[in-house]
2 protein chains.
Amino acid sequence: MPTPPPTAGEPTAERLLDAAEQLFAQRGTSVSVREITAAADANLASVSYHFGSKDGLLQALLRRRLDPINEARLALLDRFEAAVPPGAAVPLERIVEAFVRPALDPAANPGPHFMQIMAHLHASHEPVAAEFFREVFEPLVDRFLTSFSAALPDLPPARLHLRMHLLVGATVHALMAQHSPKCPLPKDLASPLDPTDVLDELVEFCAAGFRHG
Amino acid sequence: MPTPPPTAGEPTAERLLDAAEQLFAQRGTSVSVREITAAADANLASVSYHFGSKDGLLQALLRRRLDPINEARLALLDRFEAAVPPGAAVPLERIVEAFVRPALDPAANPGPHFMQIMAHLHASHEPVAAEFFREVFEPLVDRFLTSFSAALPDLPPARLHLRMHLLVGATVHALMAQHSPKCPLPKDLASPLDPTDVLDELVEFCAAGFRHG
DNA sequence: GGTAGTTCTAAACGAACGTTTGATTTGTGG
DNA sequence: CCACAAATCAAACGTTCGTTTAGAACTACC
């Protein structure tokens, strides 16, 4: 027996999640259920059976990766806030880091696939995305906005809010650009940055952007 | 006669481009040809007739808006470089502005629709997007990379390249967030920024990010 | 006023999609 | 060994999709 399925031993639901994550990242959420089940060595009907629908599979896939990341973001921000004297502001670099590191850190990283799906969904108009994003990210952004606001008390809320959007955009784009052949790169760029340098660049870039003016 | 089509008088090809731009922006490029032709008050076959295919319509739609924007970007960068003494570096704010203003400036702006399509395509995996983006943006990024490189001569190319990606990500996201109900906004944010303030914020944010370290 | 070329129209085509169905297999506790 | 539930399976369903087709309508020009 050569290799029965690509990922044998795991239960079917897990194999479907793994296969869908890889295929959605490579070719978008328009990949057919037939292709997913073929890659997972499962029956066509198994998606409906285990997740109710293709959307159900997508949501389960997202929550599997996103919940731990967002928990880590909040925990890291708590740690940084506990490390400064009461009433003092957390350095902007630390707030940005708390937001960025759990998504980029190779140590606890779900791999390059997941964030490509996030970027794809974020710019997409799938009906499932809007409600899902609100539900998952609303408490997170509220928490980070108050921290940023404490660190930049004189910045009008509308401007702070826009800068938070810029942080999200830069983060999503950085993650995607690292693993996507999309953008026109200089072809002779022989030494791409390792993930640690990318994280440093992103933190410093956005912290400087937040602090300007 | 109440209002024969939504946009009468224009030739069919233009009506198709207009309708497709609006629908693609609102609901993504998966909007059906049937819906586009219905909105343009045209026959189903008119897309194939005038543009060869749905992809042809999309590419024509993109070039109609993108070519003028990219020409304006290069012209603006030329102007800023001509305004400094020979050998001197252009301020980072001006390089960023040359990249950002033609896409955001309400004066010459194609409206909110187009940039949402760009964001959507950028994160999508449609086969048409990759080659199209390379073709359209390669000379542009080469030009801007040399300007940035002249302004930051000590920055390693890999880091400069990443920061350029962060600029693109922040720009795309800022444009999208302004006109999309996607992200979880604070609900009580009664006074959104006008486009001029958004452009200022984006320029200052990214210039500071480029300059850091 | 006919005629050639462009544009429009209604209808149909074949393919691909997500989901459902009903039977069959598998696994487990009595 | 049997019964019962969970899981898998092949097959089909109905819908929607982009594109094609053949002919009608319109335009401009000689």
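All values below come from the heavy atoms of this structure, side chains included, with hydrogens, waters and symmetry mates left out.
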Which class fits the ring pair A:Phe99 and A:Phe144: parallel under 30°, tilted 30 to 60°, perpendicular over 60°? perpendicular

Show me the pairs that pass salt bridge (charged side-chain N to carboxylate O under 4.0 Å, His left out) and involve residues 155-164 of chain B, at least two apart or across chains. A:Asp197-B:Arg159, A:Glu201-B:Arg159, A:Glu201-B:Arg163

Please find the earliest and latest nucleotides of DNA chain D, in the 5' to 3' direction, that have an atom within less than 4.0 Å of any heavy atom of chain A. D:dA6 to D:dA12

Hey, can you tell me if B:Phe210 and A:Phe205 have their rings parallel, tilted or perpendicular (30° and 60° cut-offs)? perpendicular

Nucleotides 6-22 of chain C: protein proximity per nucleotide (B base, S sugar-phosphate only, - neither; heavy atom, under 4.0 Å): SBSBB-B----BBBBB-

Do B:Arg94 and B:Glu97 meet the salt-bridge criterion of a basic N to acidic O distance under 4.0 Å? yes

Side chain to side chain contact (heavy atoms under 4.5 Å, CB included) partner of A:Phe132, chosen from A:Leu121, A:Leu58, A:Leu66: A:Leu66

Would one find more than 12 heavy atoms of other residues, nucleotides or ligands at under 6.0 Å from atom CZ of B:Arg79? no

B:His173 and A:His173 aromatic centres sub-6.0 Å: no

